[in-house]
*Asks:* 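Attaching a single structure in C-alpha cells format; questions to follow.
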Amino acid sequence: MPTLTIRNPATGAVIDECAADDAASVAAKAAAARAAQPAWAAAPLRERLAAIQRFRAALVAELDTLATTLTREVGKPIAQSRNELNGLLPRIDFFLAQTESAIADEQVFDDGGMRERITHVPLGVVANISAWNYPYFVGCNVIVPALLAGNAVLYKPSEFATLTGLHIARLLHAAGVPKDVMQPLVGSGEVGATLLAQRIDGLFFTGSHATGVMIASALAIRLVKVQLELGGKDPSYVRADADPKAAAESLADGAMYNTGQSCCSVERIYVHEAIHDAFVEHFVATVKAFKVGDPMAADTYIGAITRAPQLDVLDAQVADAKAKGARLHCGGQRLPGPGHWYAPTVFTDVNHTMELMREESFGPIIGIQKVRGDDEAIALMNDTRYGLTAGVYSKDEGKARELLARVNAGSVYWNCCDRVSPRLPWSGQGDSGIGLTLSTHGIQTFTRPKAWHLRSP
Ligand code: NDP
C-alpha cells in the first residue's frame, strides 16, 4: 500500500504518514459508492438531515482539535482555522434549513386532465476533488448538499489537507453517513486522476485553472457533469468619495487574510488619484502591523505558504514588477525557514504589463494602481481572463451599484471584499470556472430535474 507523508509547511517537519489509495482501491471505493447510493437516496430526507445535524454538533465539540490539525498541515494561523470552522456552521445550518424546499417535487401545471411535475433526482455518485486553502469550506460546499440530496460522495482532499479531509470523513461516518456513501480518497494528484476514470455522475472541483481544464477535458467525452471553481485575479476600486483609511483597512485584510491564499483574495487594487496617496499610507501601515510568525500563536495574522512551489510564483511576480518600474513599499522577498514563508508585499506604480496585475498570486502580495476616474477603473477591472469577485468602495450606493453592474464577476461587493454567504450563489465567469455552489441553486446542482407528463385516464 502506498503512503503519503504529511509535513507542516511552517516548520518542514513530518507530522504524519497516511496510508494512500492506489488504482485498485479507488476502483473498489467507486464501486462500493455506486452500490450504496440507491439506499441512501431512498431513506427519508429527515434521516439524512439528522446525520448532518450530528456532524455539525461533532464539529462544535471537536473544534479545537480540528483547528489545530488544520493549522499544522496547511500553516493557516490558528485564529483563522477557528474562524473557518465557526464559519462552516451557518453554511451547514443553511443547507439543513433549505434542502427540503429546494428539492421538493413541483407541480407546474394541472388542467384537470393533464398534470406536469418536476422531481429533483440525485445525480448518483458525485466526485469532489478539493483544495487545501479552505478545506472545510470548499469540501463541505459540495459534500453536505450532495449527501443531503441523496448522492454518494467520493472525496479527494488535496494532499496538503489530507488530515482535515480524513477528519471530515470520520465525523460524517460517526454521525451516521454510511461508510460506502462517503469515501475519502487519500493521495496526490495521481489519485485524483484515477478517480476521473471511474464511473461517476458529477465532478466538482476546486483548484487551479490548469488542473480544472484538464479535468473538464477528460470528462467531456463521457458527458459527466463538471463544475469548476478556479480562483481569480479579483479587483477592487476605491472611488474618490471613499474614506481612504476605512477602505485601506478593509482591503489590506481582503488581500492578506489566509496569507493571501484565498480564491477570492483581493489581488488588484485601483485607487482614484485624489485619495491614492492617503490610501497607500494607511494600507502600508495596516500591512506592516500584521504579525507574521508561528501559526499556532493566537495573535499571528500571516502564516506559512502552504505549497513550496508558490514561493517561485511570488518571486517571479516580484522580480517582474520591479524590473518594469513598480515601487516596493514593504516585503518583496522570502522569509527565512524552516518552512515556507513570504513577507507581506505591497507595490504601487504598477500596470497591466506586469504579471502581478494579470496572473493569480495566491500569496501575501498586492499591487495598487492609480486611476483617473470610474471609466478607467472599470476598464482595468474587466481587463482579465478571470471573473470571480470584484468590489467598489464609495459613499454613493447608487454609483457603486451602477459600476458593479458593468463588472464581469460572479460576486460583487460594495464597501466589502473577500466575503462568501451561504445564501448567495458562488460562481465565476471566464477562467474562474463554471457552475456554482451555495444558495438554493447550490443544492439543486447536485440533482437533475426529471419531467413528468401525467394524463389522467
Ligand atoms: P491543483 O489544481 O493542482 O490542485 C487542486 C486539486 O486537484 C487537489 O486536490 C489536487 O490534488 C488535485 N489534482 C492535481 N492534479 C490532478 C490531476 N491530474 N487529476 C485530478 N486531480 C488532480 O492546485 P494546487 O493545489 O497545486 O495549487 C496551485 C494553484 O492553484 C494555486 O497556487 C492557486 O493559484 C490555485 N488554487 C486555487 C484555489 C481556489 O480556491 N480556486 C485553491 C487551490 C489552488 P493534490 O493537492 O493532492 O495534488
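Remember, predicted model here, so these are calculated numbers, not experimental data. All ligand and atom numbering here is 1-based and tracks the order in the structure.
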*Asks:* Looking only at N/O atoms, are Ile215 and ligand 1 under 3.5 Å apart anywhere?
*Replies:*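 It does not: no N or O of Ile215 is found under 3.5 Å from an N or O of ligand 1.
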*Asks:* Would you mind checking which non-hydrogen protein atom is closest to atom 46 (O) of ligand 1, with the distance to 0.1 Å?
*Replies:* Ser158 OG, 2.8 Å
*Asks:* Look at atom 29 (C) of ligand 1 and say which protein heavy atom is nearest, naming residue and atom and giving the distance to 0.1 Å.
*Replies:* Ser208 CB, 3.8 Å
*Asks:* Is it true that the side chains of Tyr257 and Ser265 contain a donor and an acceptor less than 3.5 Å apart?
*Replies:*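 The criterion, which ignores hydrogens and geometry beyond distance, is not satisfied for Ser265 and Tyr257.
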*Asks:* Mind checking whether Ala131 contacts ligand 1 via backbone (N, CA, C, O), side chain (CB onward), both or neither, at a 4.0 Å heavy-atom cut-off?
*Replies:*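 Side chain only.
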*Asks:* Would you say Trp132 and ligand 1 have an N/O pair spaced under 3.5 Å apart?
*Replies:* yes
*Asks:* Near Ala193, which atoms of ligand 1 are under 4.0 Å from a heavy atom of that residue?
*Replies:* 19 (N), 20 (C)
*Asks:* For atom 34 (O) of ligand 1, what's the nearest protein heavy-atom neighbour? Residue, atom name and distance, please.
*Replies:* Glu360 OE1, 2.8 Å
*Asks:* Which bit of Arg307 is near ligand 1, meaning a heavy atom under 4.0 Å away: side chain, backbone, both or neither?
*Replies:*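 Only the side chain of Arg307 comes within reach of ligand 1.
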*Asks:* Hey, what do you get for CG (Leu228) to NE2 (His209), rounding to the nearest 0.5 Å?
*Replies:*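 It is 8.5 Å, given to the nearest 0.5 Å.
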*Asks:* Could you tell me whether His209 approaches ligand 1 through its side chain, its backbone, both or neither, with non-hydrogen atoms closer than 4.0 Å?
*Replies:* neither
*Asks:* Donor-acceptor pair, Thr194 side chain versus Glu190 backbone, under 3.5 Å?
*Replies:*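 It does hold such a pair.
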*Asks:* Which ligand 1 atoms, with their elements, are less than 4.0 angstrom from a heavy-atom of Gly231?
*Replies:* 41 (N)
*Asks:* Within ligand 1, which atoms have a heavy atom of Gln310 less than 4.0 Å away?
*Replies:* 31 (C), 32 (O)
*Asks:* Starting from atom 45 (P) of ligand 1, locate the nearest protein heavy atom and write down its residue, its atom name and how far away it is, to 0.1 Å.
*Replies:*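 Ranked first by proximity to atom 45 (P) of ligand 1 is Glu159 OE2, 3.3 Å.
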*Asks:* Who's the nearest protein heavy-atom neighbour of atom 38 (C) of ligand 1, and how far?
*Replies:*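 Checked against all protein heavy atoms, atom 38 (C) of ligand 1 sits closest to Phe362 CZ, 3.6 Å.
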*Asks:* Nearest 0.5 angstrom please: Ile269 CD1 to Leu251 CG, how far?
*Replies:*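 So the gap between those two atoms works out to 4.5 Å.
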*Asks:* Would you say the rings of Trp132 and Phe362 are close, in the sense that their centroids are separated by under 6.0 Å?
*Replies:* yes
*Asks:* Any Lys/Arg nitrogen of Asp349 or Lys370 sitting under 4.0 Å from an Asp/Glu carboxylate oxygen of the other?
*Replies:* no
*Asks:* Would you call Asp234 and Arg268 a salt bridge, using N to O less than 4.0 angstrom?
*Replies:*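 Not counted as a salt bridge, because no side-chain N and carboxylate O are separated by less than 4.0 Å.
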*Asks:* Between the candidates Gly187, Ala161, Cys263, which shows the shortest non-hydrogen contact distance to atom 39 (C) of ligand 1?
*Replies:* Cys263
*Asks:* Between Leu230 and ligand 1, find which residue part has any heavy-atom pair under 4.0 Å and reply side chain, backbone, both or neither.
*Replies:* backbone
*Asks:* Using a 4.0 Å heavy-atom cut-off, say whether Phe205 meets ligand 1 through its side chain, its backbone, both or neither.
*Replies:* side chain
*Asks:* Of all heavy-atom pairs between Ile305 and Thr259, which one has the smallest distance, and what is that distance?
*Replies:* CD1-CG2, 4.0 Å
*Asks:* Find out whether Val292 and Trp341 are in side-chain contact, i.e. whether some heavy atom of one side chain is under 4.5 Å from a heavy atom of the other.
*Replies:* yes
*Asks:* If the cut-off is 4.0 Å to any non-hydrogen atom of Ile129, which atoms of ligand 1 fall inside it?
*Replies:*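 In order of numbering, the contacting atoms are 6 (C), 7 (O), 9 (O), 12 (C), 20 (C), 21 (N).
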*Asks:* Report yes or no: is the cationic atom of Arg423 (NZ for Lys, CZ for Arg) under 6.0 Å from the centre of the six-membered ring of Phe94, at an angle within 45° of the ring normal?
*Replies:*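 Arg423 over Phe94 ring: no.
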*Asks:* Identify the heavy atoms of Phe446 and Pro145 that sit nearest to each other, and give their distance.
*Replies:* CE1-CG, 3.6 Å
*Asks:* Nearest to atom 9 (O) of ligand 1 by heavy atom, Ser130, Gly192, Gly428: which?
*Replies:* Ser130
*Asks:* What is the nearest protein non-hydrogen atom to atom 37 (C) of ligand 1, stated with its residue, atom name and distance?
*Replies:*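 Protein heavy atom with the smallest distance to atom 37 (C) of ligand 1: Gly207 O, 3.4 Å.
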*Asks:* Less than 4.0 angstrom from a charged side-chain N to a carboxylate O is my criterion; do Lys225 and Asp201 meet it?
*Replies:*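 A salt bridge is absent here (no side-chain N lies under 4.0 Å from a carboxylate O).
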*Asks:* If you have a sec, work out which protein heavy atom is nearest atom 14 (C) of ligand 1 and how many Å separate them, to one decimal?
*Replies:* Gly189 CA, 3.6 Å
*Asks:* Salt bridge or not for Lys233 and Glu360, using N-O below 4.0 Å?
*Replies:*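 Looking at Glu360 together with Lys233, the answer is no, because their closest N to O distance does not fall below 4.0 Å.
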*Asks:* Considering only non-hydrogen protein atoms, determine which one is nearest to atom 18 (N) of ligand 1 and report residue, atom name and distance to 0.1 Å.
*Replies:* Met214 CE, 3.1 Å
